[in-house]
Amino acid sequence: MDHVATKPGATTATASDTPKTAAAGEVNRQPQETDGFQLVIDALKLNGIDTIFTLPGIPITDLTRRSQAEGIRVLAFRHEQNAGYAASIAGFLTQKPGICLTVSAPGFLNGLNALAHATVNCFPMILISGSSEREIVDLQQGDYEEMDQLAIAKPVAKAAYRVLHADDIGVGIARAIRAAVSGRPGGVYLDLPAKLFAQSIDVEAGKRTLIKAVDPAPKQIPAPDAVKRALDLLKAAKRPLIILGKGAAYAQADADIKLLVEKSGIPYLPMSMAKGLLPDTHEQCASAARSFVLPGADVVMLIGARLNWLLSHGKGKTWGAKTAKDWGGQKFIQVDISPQEADSNVRIDAPVVGDIGSCVSALLAGMNATEGGSWAKPPADWLSAVTEKKQGNVAKMAETLSKNPTPMNFHSALNVVRDIIKANPDAILVNEGANALDFTRSIVDMYKPRKRIDVGTWGIMGVGMGYCVAAAVTTKQQVIAVEGDSAFGFSGMEVETICRYNLPVCVVILNNNGVYKGTDVDPTGRDPAPTVFVKGARYEKLMEAFGGVGVVAATPSELRGAMEEAIRSKKPTLINAVIDENAGTESGRITSLNPAAKKKP
Ligand SMILES: Cc1ncc(C[n+]2csc(CCOP(=O)(O)OP(=O)(O)O)c2C)c(N)n1
Ligand SMILES: [Mg+2]
């Protein structure tokens, strides 16, 4: 095989750079040859990849064009970070790796945040970046966009590979796919040097190098004794609790998860992106009694949820312990695909390792076999205590939601969103911000699985518009994004992308003029405070600039009308919901993590 190549887009090509397909005297052979571009496309298509999130440039411009010509949906963004977040959430929603394709060094770095996000959140994603000439990069001779991308990607990726020869493209793509979706999913980096794309290779030989990954995410069946240990613990519990994480939502084992929860009769808490696995209005849902059930439970079964900071590491006051370091004394069952997850923070008494679908069905089978299938519900005093606490909190929330202050606050605006989601349970809700996130999570009920997508494990800002594009394209459903005004700013330019592809996305900005609040002032009087923005900013005009619909909503009824119209028309819409700039709190619900200066300026 001949690895003659050129750098696509290069302005100076020498004879030795010319691709073989164009060489004199080779005309007859042309139809029998393929190239690196084509093999990448063929390998992706062979593995069922139908969408690419990208931003073109050297050396991948032709790859984006030719992918589109070959029927792959190619969605071009205004910034790679947003293409990356789109790819990451497409992975979560579809169980297929989301593909983000970028140019070298700066484009690659812009995509890297999303790659890390995918790895941390266990979303299958592949960041494919073009890169500069290896020989020059490795000698640091100063190539165009020179960077050792593979080395830089490694620490934030689940796996990272580089393909140097066209006849290795098949292996490279198959390995990347397998690494992204198997076991605990994650972000994978695939480095494709510019030279690779123009390498020519015989068509038939090329075909033989392609690999369709067989069973890339194999089931992992839990050990029977692990299942029995877990059920024995659960059966003996006096105050059991189930916690559903986004791993449970990812698994697409919705019917069995619902069966397990209902058969057990155990109160459950959904983590943010597990909301809707069972409707939030389910009688066993204990979200409204979270601060009662966490310290109160004696046995907790985690299903696809990690005991990370979002669950206070399984210890401390949240769990009823005296100090932040103490354990609350709960016993834990942890159902997780990763055998390394158990004991990461506190002792796991019954780890059940396997894919969530297989584990849940094994647990169900075990419950059916126990006591002739009549699994005893938890003690009535625990259930009634949870219900009582829940009802009290729900009533308090209803009272707050019914108020109609001027200007609007988070509650009165989100009361509208809550109704709209109830009436449109198939809509995907994208959510980011601080107060805009926390209030939405607690106020807006979800009714179906994988309908809520948000900032994830890191509480990352910037996912918003990328998520909107991916959700609209992969699910074909209406998308509603509830965005803090700061959060929106990270990806705001993608409203052009939303308009360009004419996607059914309704963005609601809860605009309180700043990060957390809009009221801070610079004590010296020189500049605006670091947390505040232009007061009364007209974000809706951004959507209008690209042909979408922009609306200012100063009251709940204006917000309701605008949202209903957006859903009816399916037009890209941005609603600037004007919120009281005093309404938020510092860091939303996680004020305690903010190391506040002892002496405020
Ligand atoms: C990438 C990134 N940068 C910064 C932050 C810190 N941060 C957390 S929430 C937030 C914005 C909160 O303001 P806004 O979105 O307007 O929500 P509000 O609380 O005002 O409703 C910021 C900047 C972050 N989480 N992620
Ligand atoms: Mg704000």
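Bear in mind the structure is a predicted one, so any value in this text is a computation, not a measurement. Every number for a ligand or one of its atoms is a count from 1 in the order of the listing.
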field: Least distance between heavy atoms, Leu127 atom then Thr102 atom
entry: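 Heavy atoms of Leu127 and Thr102 come nearest at CD1-CG2, 3.7 Å.
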
What's the shortest distance from [atom] to any protein heavy atom, and which residue and atom give it?
| atom | answer |
| --- | --- |
| atom 16 (O) of ligand 1 | Asp485 OD1, 2.6 Å |
| atom 4 (C) of ligand 1 | Phe490 CZ, 4.1 Å |
| atom 1 (C) of ligand 1 | Met461 O, 3.5 Å |
| atom 21 (O) of ligand 1 | Ala436 N, 3.0 Å |

If hydrogens are left out, which of Thr531, Asn512, Asp438 has an atom nearest to atom 20 (O) of ligand 1, that is, the closest non-hydrogen atom?
->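 When every heavy atom of Thr531, Asn512, Asp438 is considered, Asn512 comes closest to atom 20 (O) of ligand 1.
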
Surrounding NZ of Lys535 (heavy atoms of other residues, nucleotides or ligands, distance under 6.0 Å), is the total greater than 12?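 It does: Lys535 NZ has more than 12 such atoms within range.
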
Contact atoms of ligand 1, heavy-atom distance to Phe410 under 4.0 Å: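 Once the distances to Phe410 are compared, the set is 21 (O).
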
Exercise for review: Check each atom of ligand 1 against the heavy atoms of Ser486 and keep those under 4.0 Å away; list them by number with element.
Suggested key: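 Counting from 1, the qualifying ligand atoms are 11 (C), 13 (O), 14 (P), 15 (O), 16 (O), 23 (C).
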
Measure up the His117 and Tyr85 rings against each other and bin them: parallel (under 30°), tilted (30 to 60°), perpendicular (over 60°).
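The arrangement is perpendicular - the two ring planes meet at more than 60°.
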
If we ignore hydrogens and angles and just use 3.5 Å, is the side chain of [X] paired with the main-chain N or O of [Y] as donor and acceptor?
| X | Y | value |
| --- | --- | --- |
| Asn345 | Leu307 | yes |
| Gln478 | Pro504 | yes |
| Lys517 | Asn582 | yes |
| His79 | Gln81 | yes |

Does ligand 1 have an atom under 4.0 Å from some heavy atom of [X]?
| X | result |
| --- | --- |
| Gly459 | yes |
| Phe439 | no |
| Leu510 | no |

Could you tell me whether some N/O pair between [X] and ligand 1 is separated by less than 3.5 angstrom?
| X | result |
| --- | --- |
| Ala434 | yes |
| Ala487 | yes |
| Gly514 | yes |
| Asn435 | yes |

Requested in this report: For the pair Gln95 and Val181, evaluate side chain to side chain contact (heavy atoms under 4.5 Å, CB included) and give the outcome as yes or no after the intermediate values.
Outcome: CA-CA 7 Å; Gln95 294 185 330; Val181 297; over 6 Å; no

I'd like to know if atom 6 (C) of ligand 1 has any protein heavy atom within a distance of less than 4.0 Å.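 No.
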
Would you call [X]-[Y] a salt bridge at under 4.0 Å N-O?
| X | Y | result |
| --- | --- | --- |
| Arg560 | Glu564 | no |
| Glu565 | Arg568 | yes |
| Arg418 | Asp445 | yes |

Nearest N/O/S atom of Asp485 with respect to the Mg ion (ligand 2), by atom name, please.
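Result for Asp485 and the Mg ion (ligand 2): OD1.
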
### Query
Of the backbone atoms (N, CA, C, O) and the side-chain heavy atoms from C-beta on, which set of Phe488 has a member under 4.0 Å from an atom of ligand 1: side chain, backbone, both, or neither?
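Within the 4.0 Å criterion, Phe488 makes no contact with ligand 1.
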
Structural part of Trp458 in contact with ligand 1, heavy atom criterion under 4.0 angstrom
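It is neither part, as no heavy atom is under 4.0 Å.
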
| message | What do you get for the angle at the Mg ion (ligand 2) between O on Gly514 and OD1 on Asn512, to the nearest 10 degrees? | response |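 Taking the Mg ion (ligand 2) as the apex, the two atoms subtend 90°.
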
| message | Taking side chain to side chain donor-acceptor pair (under 3.5 Å) as the criterion, tell me which of Lys422, Lys275, Arg452 meets it with Asp280. | response |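 By the side chain to side chain donor-acceptor pair (under 3.5 Å) criterion, Asp280 pairs with just one of Lys422, Lys275, Arg452: Lys275.
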
